[in-house]
Protein chains: 2
Amino acid sequence: MKITATRQKILDSAVLLVSEKGYLGATTREIAKKAGVTELTLFRHFGTKEKLFGSIMGSNSFLPALREILPDLEEMSYAEALEMLGTRFLLSLKERKPFVKIMQSEMTRYPAEMRRVYGHFMDDMLGTLALYFESLQRKGQLRDFSPTMASRMFMGMLFSYFRTEEIMRNVDITRGKRMNKAVAEFVDIFVHGTLPRTNGTVRRKRS
Amino acid sequence: MKITATRQKILDSAVLLVSEKGYLGATTREIAKKAGVTELTLFRHFGTKEKLFGSIMGSNSFLPALREILPDLEEMSYAEALEMLGTRFLLSLKERKPFVKIMQSEMTRYPAEMRRVYGHFMDDMLGTLALYFESLQRKGQLRDFSPTMASRMFMGMLFSYFRTEEIMRNVDITRGKRMNKAVAEFVDIFVHGTLPRTNGTVRRKRS
DNA sequence: ATGTAATGTAAGTACCTACTTACATTTTGA
DNA sequence: TCAAAATGTAAGTAGGTACTTACATTACAT
(Lines give C-alpha, C1' and ligand atoms only; values in the text may rest on other atoms or scores of the structure.)
Protein backbone atom coordinates (compact mmCIF):
# COMPACT_ATOMS: atom_id res chain seq x y z
CA MET A 1 0.00 0.00 0.00
CA LYS A 2 1.33 3.38 -0.96
CA ILE A 3 2.04 5.72 1.87
CA THR A 4 -0.28 8.41 0.55
CA ALA A 5 -3.11 5.92 0.18
CA THR A 6 -2.75 4.82 3.80
CA ARG A 7 -2.61 8.41 4.94
CA GLN A 8 -5.76 9.18 3.04
CA LYS A 9 -7.61 6.18 4.36
CA ILE A 10 -6.81 7.24 7.90
CA LEU A 11 -7.89 10.79 7.18
CA ASP A 12 -11.17 9.62 5.67
CA SER A 13 -11.97 7.35 8.59
CA ALA A 14 -11.09 10.12 11.00
CA VAL A 15 -13.40 12.60 9.29
CA LEU A 16 -16.31 10.19 9.39
CA LEU A 17 -15.79 9.09 12.97
CA VAL A 18 -15.15 12.56 14.32
CA SER A 19 -18.22 13.83 12.54
CA GLU A 20 -20.27 11.11 14.22
CA LYS A 21 -18.77 11.03 17.70
CA GLY A 22 -16.87 14.26 18.07
CA TYR A 23 -13.16 14.77 18.59
CA LEU A 24 -13.07 13.21 22.05
CA GLY A 25 -15.53 10.48 21.18
CA ALA A 26 -13.60 9.24 18.17
CA THR A 27 -10.76 7.11 19.53
CA THR A 28 -7.52 6.53 17.68
CA ARG A 29 -8.10 2.81 17.98
CA GLU A 30 -11.43 3.00 16.25
CA ILE A 31 -10.16 5.36 13.57
CA ALA A 32 -7.31 2.99 12.78
CA LYS A 33 -9.60 -0.01 12.73
CA LYS A 34 -12.00 1.70 10.35
CA ALA A 35 -9.08 2.62 8.11
CA GLY A 36 -7.90 -1.00 8.12
CA VAL A 37 -4.55 -0.26 9.74
CA THR A 38 -2.98 -0.60 13.14
CA GLU A 39 -3.19 2.13 15.72
CA LEU A 40 0.60 2.27 15.60
CA THR A 41 0.50 3.07 11.90
CA LEU A 42 -1.79 5.96 12.63
CA PHE A 43 0.65 7.38 15.13
CA ARG A 44 3.60 6.81 12.81
CA HIS A 45 1.81 8.90 10.20
CA PHE A 46 0.45 11.70 12.32
CA GLY A 47 2.35 11.53 15.58
CA THR A 48 -0.53 12.79 17.64
CA LYS A 49 -4.30 12.80 17.63
CA GLU A 50 -4.19 16.56 17.73
CA LYS A 51 -1.99 16.64 14.62
CA LEU A 52 -4.30 14.22 12.86
CA PHE A 53 -7.16 16.57 13.60
CA GLY A 54 -5.12 19.44 12.24
CA SER A 55 -4.50 17.48 9.05
CA ILE A 56 -8.23 16.95 8.66
CA MET A 57 -8.79 20.67 8.84
CA GLY A 58 -5.98 21.38 6.44
CA SER A 59 -6.89 18.79 3.83
CA ASN A 60 -10.59 19.48 3.73
CA SER A 61 -11.01 22.85 2.16
CA PHE A 62 -14.10 24.69 1.03
CA LEU A 63 -12.24 27.00 -1.26
CA PRO A 64 -12.23 25.00 -4.48
CA ALA A 65 -16.01 24.88 -4.31
CA LEU A 66 -16.23 28.62 -4.33
CA ARG A 67 -14.53 28.89 -7.69
CA GLU A 68 -17.00 26.43 -9.14
CA ILE A 69 -19.96 28.31 -7.78
CA LEU A 70 -19.22 31.83 -8.76
CA PRO A 71 -18.69 32.08 -12.52
CA ASP A 72 -21.15 33.39 -15.08
CA LEU A 73 -23.25 35.44 -12.69
CA GLU A 74 -23.33 38.32 -15.17
CA GLU A 75 -24.83 36.23 -17.90
CA MET A 76 -28.05 35.32 -16.20
CA SER A 77 -30.99 37.12 -14.69
CA TYR A 78 -30.98 38.17 -11.06
CA ALA A 79 -33.33 35.47 -9.83
CA GLU A 80 -31.62 32.82 -11.93
CA ALA A 81 -28.24 33.80 -10.54
CA LEU A 82 -29.50 33.60 -6.96
CA GLU A 83 -31.12 30.24 -7.56
CA MET A 84 -27.95 28.84 -9.06
CA LEU A 85 -25.84 30.24 -6.24
CA GLY A 86 -28.20 28.86 -3.65
CA THR A 87 -28.40 25.44 -5.22
CA ARG A 88 -24.67 25.09 -5.65
CA PHE A 89 -24.05 26.34 -2.16
CA LEU A 90 -26.36 23.69 -0.73
CA LEU A 91 -24.78 21.00 -2.88
CA SER A 92 -21.29 21.94 -1.78
CA LEU A 93 -22.43 21.79 1.85
CA LYS A 94 -23.93 18.40 1.19
CA GLU A 95 -20.72 17.10 -0.39
CA ARG A 96 -18.87 18.13 2.74
CA LYS A 97 -21.52 17.10 5.19
CA PRO A 98 -19.22 15.27 7.64
CA PHE A 99 -16.90 18.22 7.60
CA VAL A 100 -19.76 20.63 8.23
CA LYS A 101 -20.85 18.48 11.13
CA ILE A 102 -17.38 18.59 12.63
CA MET A 103 -17.25 22.34 12.40
CA GLN A 104 -20.68 22.60 13.89
CA SER A 105 -19.69 20.44 16.85
CA GLU A 106 -16.12 21.45 17.55
CA MET A 107 -16.42 25.11 16.67
CA THR A 108 -16.51 26.23 20.28
CA ARG A 109 -13.62 24.11 21.44
CA TYR A 110 -11.20 24.55 18.57
CA PRO A 111 -11.93 28.04 17.37
CA ALA A 112 -8.60 28.73 15.73
CA GLU A 113 -8.65 25.76 13.35
CA MET A 114 -12.29 26.38 12.53
CA ARG A 115 -12.05 30.03 11.81
CA ARG A 116 -9.18 29.52 9.42
CA VAL A 117 -11.13 27.16 7.20
CA TYR A 118 -14.73 28.11 7.63
CA GLY A 119 -14.17 31.80 8.08
CA HIS A 120 -12.17 32.03 4.87
CA PHE A 121 -14.86 30.32 2.89
CA MET A 122 -17.65 32.36 4.37
CA ASP A 123 -15.85 35.66 4.00
CA ASP A 124 -15.06 34.90 0.37
CA MET A 125 -18.56 33.80 -0.36
CA LEU A 126 -20.21 36.67 1.46
CA GLY A 127 -17.80 39.18 -0.03
CA THR A 128 -18.39 38.01 -3.56
CA LEU A 129 -22.13 37.96 -3.14
CA ALA A 130 -22.02 41.45 -1.65
CA LEU A 131 -20.00 42.67 -4.62
CA TYR A 132 -22.58 41.16 -6.94
CA PHE A 133 -25.39 43.00 -5.14
CA GLU A 134 -23.43 46.22 -5.24
CA SER A 135 -22.81 46.02 -8.96
CA LEU A 136 -26.52 45.48 -9.62
CA GLN A 137 -27.35 48.34 -7.32
CA ARG A 138 -25.04 50.64 -9.26
CA LYS A 139 -26.79 49.62 -12.45
CA GLY A 140 -30.09 50.50 -10.83
CA GLN A 141 -31.36 46.94 -11.12
CA LEU A 142 -31.59 46.59 -7.34
CA ARG A 143 -32.82 49.03 -4.74
CA ASP A 144 -30.73 50.41 -1.93
CA PHE A 145 -29.95 47.99 0.90
CA SER A 146 -26.88 46.80 2.75
CA PRO A 147 -25.12 44.33 0.44
CA THR A 148 -23.29 42.79 3.36
CA MET A 149 -26.36 42.15 5.46
CA ALA A 150 -28.29 40.92 2.46
CA SER A 151 -25.52 38.43 1.72
CA ARG A 152 -25.55 37.18 5.28
CA MET A 153 -29.30 36.89 5.15
CA PHE A 154 -29.20 34.91 1.94
CA MET A 155 -26.47 32.52 2.98
CA GLY A 156 -27.82 32.28 6.50
CA MET A 157 -31.24 31.09 5.50
CA LEU A 158 -29.73 28.51 3.17
CA PHE A 159 -27.37 27.27 5.82
CA SER A 160 -30.17 26.98 8.34
CA TYR A 161 -32.20 25.04 5.83
CA PHE A 162 -29.30 22.64 5.29
CA ARG A 163 -28.72 22.33 9.01
CA THR A 164 -32.34 21.55 9.80
CA GLU A 165 -32.88 19.07 6.99
CA GLU A 166 -29.57 17.25 6.65
CA ILE A 167 -28.05 17.47 10.09
CA MET A 168 -31.02 17.55 12.45
CA ARG A 169 -33.66 15.63 10.57
CA ASN A 170 -31.20 13.62 8.49
CA VAL A 171 -33.23 14.17 5.33
CA ASP A 172 -31.54 13.99 1.93
CA ILE A 173 -32.26 17.39 0.42
CA THR A 174 -31.24 16.23 -3.06
CA ARG A 175 -34.01 13.65 -3.24
CA GLY A 176 -36.94 14.73 -5.33
CA LYS A 177 -37.33 18.40 -5.98
CA ARG A 178 -37.48 19.61 -2.40
CA MET A 179 -34.21 21.48 -2.53
CA ASN A 180 -35.06 23.24 -5.76
CA LYS A 181 -38.47 24.14 -4.43
CA ALA A 182 -37.02 25.50 -1.21
CA VAL A 183 -34.39 27.55 -3.01
CA ALA A 184 -36.96 28.91 -5.45
CA GLU A 185 -39.23 29.89 -2.58
CA PHE A 186 -36.41 31.58 -0.70
CA VAL A 187 -35.19 33.43 -3.77
CA ASP A 188 -38.71 34.54 -4.64
CA ILE A 189 -39.21 36.15 -1.25
CA PHE A 190 -35.70 37.53 -1.23
CA VAL A 191 -36.33 39.15 -4.62
CA HIS A 192 -39.96 40.24 -4.35
CA GLY A 193 -40.65 40.39 -0.65
CA THR A 194 -43.86 39.21 0.95
CA LEU A 195 -46.20 42.13 0.25
CA PRO A 196 -48.82 41.91 -2.47
CA ARG A 197 -47.47 43.09 -5.82
CA THR A 198 -50.46 45.09 -6.91
CA ASN A 199 -50.82 47.02 -3.66
CA GLY A 200 -48.98 50.26 -3.10
CA THR A 201 -46.85 50.83 -0.02
CA VAL A 202 -48.85 49.98 3.07
CA ARG A 203 -45.80 50.10 5.30
CA ARG A 204 -45.19 52.38 8.25
CA LYS A 205 -48.83 52.94 9.02
CA ARG A 206 -49.63 52.24 12.63
CA SER A 207 -52.65 50.08 13.32
CA MET B 1 -27.62 24.24 51.97
CA LYS B 2 -31.01 23.28 50.70
CA ILE B 3 -31.13 20.25 48.52
CA THR B 4 -32.72 22.10 45.62
CA ALA B 5 -30.07 24.80 45.77
CA THR B 6 -27.29 22.22 45.53
CA ARG B 7 -29.04 20.50 42.69
CA GLN B 8 -29.36 23.79 40.84
CA LYS B 9 -25.74 24.72 41.39
CA ILE B 10 -24.64 21.43 39.93
CA LEU B 11 -26.99 21.84 36.99
CA ASP B 12 -25.73 25.36 36.31
CA SER B 13 -22.09 24.31 36.43
CA ALA B 14 -22.84 21.38 34.19
CA VAL B 15 -24.56 23.55 31.59
CA LEU B 16 -21.65 25.97 31.47
CA LEU B 17 -18.95 23.32 31.34
CA VAL B 18 -20.72 21.13 28.83
CA SER B 19 -21.35 24.15 26.63
CA GLU B 20 -17.64 24.94 26.72
CA LYS B 21 -16.10 21.48 26.51
CA GLY B 22 -18.83 19.22 25.26
CA TYR B 23 -20.45 16.27 27.02
CA LEU B 24 -17.33 14.11 26.98
CA GLY B 25 -14.97 16.98 27.70
CA ALA B 26 -16.83 18.12 30.81
CA THR B 27 -15.81 15.73 33.60
CA THR B 28 -17.92 15.05 36.63
CA ARG B 29 -15.01 16.06 38.82
CA GLU B 30 -14.76 19.46 37.22
CA ILE B 31 -18.51 20.01 37.26
CA ALA B 32 -18.63 19.20 40.97
CA LYS B 33 -15.67 21.45 41.70
CA LYS B 34 -17.22 24.35 39.83
CA ALA B 35 -20.46 23.81 41.75
CA GLY B 36 -18.55 23.84 45.03
CA VAL B 37 -19.50 20.30 46.00
CA THR B 38 -17.89 16.90 46.05
CA GLU B 39 -18.04 14.57 43.12
CA LEU B 40 -19.85 12.13 45.36
CA THR B 41 -22.61 14.66 46.01
CA LEU B 42 -23.08 15.01 42.30
CA PHE B 43 -23.58 11.28 41.94
CA ARG B 44 -25.87 11.14 44.96
CA HIS B 45 -28.07 13.71 43.26
CA PHE B 46 -28.05 12.46 39.70
CA GLY B 47 -26.77 8.91 39.87
CA THR B 48 -25.12 9.05 36.50
CA LYS B 49 -23.51 11.55 34.19
CA GLU B 50 -26.01 10.56 31.56
CA LYS B 51 -28.91 11.31 33.92
CA LEU B 52 -27.36 14.63 34.83
CA PHE B 53 -27.27 15.47 31.15
CA GLY B 54 -30.88 14.45 30.84
CA SER B 55 -31.78 16.74 33.72
CA ILE B 56 -30.07 19.61 31.91
CA MET B 57 -32.21 19.01 28.89
CA GLY B 58 -35.35 18.71 30.95
CA SER B 59 -34.82 21.77 33.12
CA ASN B 60 -33.77 24.11 30.37
CA SER B 61 -36.78 24.70 28.25
CA PHE B 62 -37.42 27.11 25.47
CA LEU B 63 -41.14 26.98 25.78
CA PRO B 64 -41.78 29.73 28.32
CA ALA B 65 -40.00 32.12 26.00
CA LEU B 66 -42.43 31.41 23.24
CA ARG B 67 -45.40 32.65 25.25
CA GLU B 68 -43.57 35.89 25.93
CA ILE B 69 -42.73 36.40 22.32
CA LEU B 70 -46.00 35.79 20.62
CA PRO B 71 -48.70 38.06 22.05
CA ASP B 72 -50.09 41.19 20.46
CA LEU B 73 -49.13 40.38 16.92
CA GLU B 74 -52.52 41.53 15.67
CA GLU B 75 -52.19 44.97 17.16
CA MET B 76 -49.17 46.10 15.23
CA SER B 77 -48.20 46.54 11.62
CA TYR B 78 -46.67 43.71 9.65
CA ALA B 79 -43.12 45.05 9.70
CA GLU B 80 -43.37 46.00 13.35
CA ALA B 81 -44.59 42.57 14.27
CA LEU B 82 -41.74 40.90 12.40
CA GLU B 83 -39.17 43.19 13.99
CA MET B 84 -40.50 42.48 17.42
CA LEU B 85 -40.60 38.76 16.78
CA GLY B 86 -37.09 38.80 15.42
CA THR B 87 -35.68 40.85 18.25
CA ARG B 88 -37.30 38.75 20.95
CA PHE B 89 -36.25 35.55 19.26
CA LEU B 90 -32.63 36.70 19.21
CA LEU B 91 -32.82 37.83 22.83
CA SER B 92 -34.24 34.50 23.93
CA LEU B 93 -31.44 32.71 22.09
CA LYS B 94 -28.95 34.98 23.79
CA GLU B 95 -30.41 34.27 27.23
CA ARG B 96 -29.96 30.56 26.58
CA LYS B 97 -26.63 30.83 24.83
CA PRO B 98 -24.89 27.99 26.70
CA PHE B 99 -27.87 25.79 26.05
CA VAL B 100 -27.89 26.68 22.36
CA LYS B 101 -24.20 25.84 22.22
CA ILE B 102 -24.83 22.44 23.76
CA MET B 103 -27.53 21.64 21.26
CA GLN B 104 -25.32 22.81 18.45
CA SER B 105 -22.50 20.54 19.57
CA GLU B 106 -24.26 17.45 20.83
CA MET B 107 -27.15 17.45 18.37
CA THR B 108 -25.69 14.66 16.27
CA ARG B 109 -24.77 12.42 19.16
CA TYR B 110 -27.82 12.76 21.36
CA PRO B 111 -30.60 13.25 18.87
CA ALA B 112 -33.48 12.07 21.02
CA GLU B 113 -33.00 14.53 23.87
CA MET B 114 -32.33 17.34 21.45
CA ARG B 115 -35.28 16.85 19.24
CA ARG B 116 -37.63 16.77 22.19
CA VAL B 117 -36.59 20.20 23.43
CA TYR B 118 -35.38 22.04 20.39
CA GLY B 119 -37.82 20.49 17.97
CA HIS B 120 -40.79 21.39 20.12
CA PHE B 121 -39.70 24.97 20.38
CA MET B 122 -38.96 25.29 16.70
CA ASP B 123 -42.14 23.60 15.59
CA ASP B 124 -44.21 25.82 17.87
CA MET B 125 -42.43 28.92 16.74
CA LEU B 126 -42.53 28.04 13.06
CA GLY B 127 -46.13 26.92 13.27
CA THR B 128 -47.27 30.09 14.95
CA LEU B 129 -45.39 32.28 12.52
CA ALA B 130 -46.85 30.34 9.62
CA LEU B 131 -50.34 30.81 11.02
CA TYR B 132 -49.68 34.53 11.30
CA PHE B 133 -48.60 34.68 7.66
CA GLU B 134 -51.63 32.71 6.60
CA SER B 135 -54.06 34.97 8.40
CA LEU B 136 -52.53 38.04 6.73
CA GLN B 137 -52.67 36.29 3.39
CA ARG B 138 -56.35 35.60 3.87
CA LYS B 139 -56.90 39.27 4.60
CA GLY B 140 -55.12 40.09 1.36
CA GLN B 141 -52.37 41.96 3.21
CA LEU B 142 -49.74 39.52 2.02
CA ARG B 143 -49.24 37.94 -1.34
CA ASP B 144 -49.31 34.22 -2.01
CA PHE B 145 -46.30 32.26 -0.79
CA SER B 146 -45.65 29.18 1.30
CA PRO B 147 -46.18 30.22 4.94
CA THR B 148 -44.11 27.29 6.14
CA MET B 149 -41.10 28.00 3.99
CA ALA B 150 -41.32 31.70 4.71
CA SER B 151 -41.28 30.96 8.44
CA ARG B 152 -38.26 28.76 8.08
CA MET B 153 -36.55 31.40 6.03
CA PHE B 154 -37.26 34.08 8.58
CA MET B 155 -36.17 32.07 11.62
CA GLY B 156 -33.28 30.55 9.74
CA MET B 157 -31.67 33.80 8.81
CA LEU B 158 -32.01 35.05 12.38
CA PHE B 159 -30.54 31.89 13.81
CA SER B 160 -27.62 32.02 11.42
CA TYR B 161 -27.02 35.62 12.40
CA PHE B 162 -26.98 34.63 16.06
CA ARG B 163 -24.72 31.69 15.36
CA THR B 164 -22.19 33.70 13.42
CA GLU B 165 -22.03 36.63 15.82
CA GLU B 166 -22.44 35.11 19.25
CA ILE B 167 -21.10 31.59 18.86
CA MET B 168 -18.45 31.87 16.15
CA ARG B 169 -17.20 35.42 16.54
CA ASN B 170 -18.21 35.73 20.20
CA VAL B 171 -19.65 39.20 19.63
CA ASP B 172 -22.32 40.55 21.97
CA ILE B 173 -25.21 41.29 19.64
CA THR B 174 -27.01 43.36 22.28
CA ARG B 175 -24.24 45.94 22.47
CA GLY B 176 -25.01 49.12 20.61
CA LYS B 177 -27.67 48.97 17.97
CA ARG B 178 -26.23 46.22 15.81
CA MET B 179 -28.93 43.72 16.53
CA ASN B 180 -31.75 46.18 15.88
CA LYS B 181 -30.08 47.28 12.68
CA ALA B 182 -29.64 43.71 11.53
CA VAL B 183 -33.23 42.76 12.31
CA ALA B 184 -34.53 45.89 10.62
CA GLU B 185 -32.46 45.12 7.54
CA PHE B 186 -33.62 41.51 7.43
CA VAL B 187 -37.26 42.46 7.91
CA ASP B 188 -37.05 45.17 5.27
CA ILE B 189 -35.81 42.71 2.66
CA PHE B 190 -38.21 40.05 3.84
CA VAL B 191 -41.11 42.48 3.46
CA HIS B 192 -40.15 44.45 0.37
CA GLY B 193 -37.65 42.24 -1.44
CA THR B 194 -34.52 43.53 -3.13
CA LEU B 195 -35.92 44.88 -6.39
CA PRO B 196 -36.36 48.61 -6.94
CA ARG B 197 -39.77 49.82 -5.76
CA THR B 198 -40.50 52.08 -8.68
CA ASN B 199 -39.79 49.50 -11.34
CA GLY B 200 -42.48 47.21 -12.64
CA THR B 201 -42.02 43.47 -12.69
CA VAL B 202 -38.78 42.64 -14.45
CA ARG B 203 -38.98 39.05 -13.41
CA ARG B 204 -39.10 36.00 -15.62
CA LYS B 205 -37.48 37.65 -18.58
CA ARG B 206 -34.52 35.70 -19.79
CA SER B 207 -31.31 37.67 -20.43
C1' DA C 1 17.02 -10.66 -5.50
C1' DT C 2 17.76 -7.71 -1.95
C1' DG C 3 17.91 -3.74 0.95
C1' DT C 4 14.79 -0.37 2.56
C1' DA C 5 10.62 1.69 3.70
C1' DA C 6 6.05 0.73 5.43
C1' DT C 7 3.28 -1.92 8.24
C1' DG C 8 2.07 -5.45 11.79
C1' DT C 9 2.18 -7.94 16.59
C1' DA C 10 2.35 -7.72 21.25
C1' DA C 11 3.06 -5.92 25.43
C1' DG C 12 3.06 -2.18 28.31
C1' DT C 13 3.02 2.82 30.50
C1' DA C 14 0.98 6.56 32.71
C1' DC C 15 -3.02 8.80 33.18
C1' DC C 16 -7.82 9.85 33.30
C1' DT C 17 -12.65 8.59 33.66
C1' DA C 18 -17.24 7.46 35.72
C1' DC C 19 -18.63 5.48 39.64
C1' DT C 20 -18.43 2.97 44.50
C1' DT C 21 -17.85 1.97 49.46
C1' DA C 22 -17.28 2.87 54.35
C1' DC C 23 -17.32 6.09 57.58
C1' DA C 24 -17.15 10.83 59.66
C1' DT C 25 -19.06 15.49 59.79
C1' DT C 26 -22.20 19.10 59.11
C1' DT C 27 -26.82 21.10 58.36
C1' DT C 28 -31.59 21.20 58.90
C1' DG C 29 -36.26 20.93 60.80
C1' DA C 30 -39.61 19.92 64.35
C1' DT D 1 -32.20 19.52 71.31
C1' DC D 2 -31.62 15.82 68.58
C1' DA D 3 -32.59 12.67 65.08
C1' DA D 4 -32.56 12.59 60.18
C1' DA D 5 -31.03 14.27 56.00
C1' DA D 6 -27.35 16.14 53.33
C1' DT D 7 -22.65 16.57 52.57
C1' DG D 8 -17.70 15.58 53.15
C1' DT D 9 -13.19 12.63 53.37
C1' DA D 10 -10.55 9.12 51.70
C1' DA D 11 -9.51 5.32 49.34
C1' DG D 12 -10.34 2.41 45.66
C1' DT D 13 -12.26 -0.20 41.28
C1' DA D 14 -12.56 -1.33 36.61
C1' DG D 15 -12.07 0.24 32.35
C1' DG D 16 -10.68 3.29 28.70
C1' DT D 17 -7.30 6.55 26.46
C1' DA D 18 -3.31 8.40 23.90
C1' DC D 19 0.96 6.99 23.08
C1' DT D 20 5.51 3.97 23.32
C1' DT D 21 8.92 0.29 22.70
C1' DA D 22 11.04 -3.79 20.73
C1' DC D 23 10.86 -6.82 17.35
C1' DA D 24 8.91 -9.37 13.27
C1' DT D 25 6.83 -9.22 8.74
C1' DT D 26 5.45 -7.54 4.43
C1' DA D 27 5.65 -4.63 0.10
C1' DC D 28 8.25 -2.14 -3.24
C1' DA D 29 11.97 -0.13 -6.10
C1' DT D 30 16.22 -0.70 -8.26
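Only heavy atoms go into these numbers, but all of them, side chains included; no hydrogens, no water, no symmetry mates.
Here B:T48 does not reach the OP1 or OP2 of C:dA18: none of its side-chain N or O atoms lies under 4.0 Å away. Between B:T38 and the phosphate of D:dG8, there is a side-chain N or O to OP1/OP2 separation shorter than 4.0 Å. Using a 4.0 Å cut-off, some side-chain N or O of B:T28 falls inside it from OP1 or OP2 of C:dA18. Of the side-chain N and O atoms in B:R29, one or more sit less than 4.0 angstrom from OP1 or OP2 of C:dT17. For D:dT7, the OP1/OP2 oxygens have a side-chain nitrogen or oxygen of B:H45 closer than 4.0 Å.
If you take NZ of B:K33 and C1' of C:dT17, they are 16 Å apart, rounded to a whole angstrom. Atom CG of B:L42 and atom P of D:dG8 are 11 Å apart (whole Å). Between the P atom of D:dC19 and the CD1 atom of A:I10 lies a distance of 14 Å, rounded to the nearest Å. Atom NZ in A:K51 sits about 9 Å away from atom P in D:dC19, given to the nearest Å. Rounded to whole angstrom, the span from the CD atom of B:E30 across to the P atom of C:dC19 amounts to 16 Å. The nearest whole Å value for the distance from the CG atom in A:L40 to the P atom in D:dA18 is 14 Å. Between the NZ atom of A:K9 and the C1' atom of C:dA6 there is a distance of 13 Å, given to the nearest Å. The CD atom of A:E39 sits 16 Å away from the P atom of C:dG12 (whole-angstrom rounding).
Counted within 6.0 Å of NZ on A:K33, heavy atoms from surrounding residues, nucleotides or ligands total 12 or fewer; the atom is thus considered open. Heavy-atom neighbours of A:K51 NZ from other residues, nucleotides or ligands within 6.0 Å: at or below the threshold of 12.
Because its NZ or CZ atom is both nearer than 6.0 Å to the ring centre of A:Y23 and within 45° of the ring axis, A:K49 counts as a cation-pi partner of that residue.
Residue A:R44 places its side chain closer to C:dT7 than to any other of D:dA18, C:dT21, C:dT7. Across D:dA22, C:dA18, D:dC19, the shortest atom-to-atom separation from the side chain of A:K49 is found for D:dC19. Comparing atom distances between the A:F43 side chain and each of D:dC19, D:dG8, C:dG8 picks out D:dC19 as nearest. For A:T6, whose side chain is taken as the heavy atoms from C-beta onward, the closest listed nucleotide among C:dT7, D:dG8, C:dG8 is C:dT7.
Using a 4.0 Å heavy-atom cutoff across all strands shown, A:G36 reaches sugar-phosphate atoms only and no base atom. When heavy atoms are screened at a 4.0 angstrom cut-off, B:A26 is found touching the sugar-phosphate backbone but no base atom.
Taking the six-membered ring for Trp and the full ring otherwise, the centers of B:F145 and B:F133 sit less than 6.0 Å from each other.
Checking B:E185 against A:S146 by side-chain atom types alone, no donor-acceptor pair falls below 3.5 Å.
Both A:G47 and A:T27 lie near DNA chain D, and the one whose nearest nucleotide falls closer to the 5' end is A:T27.
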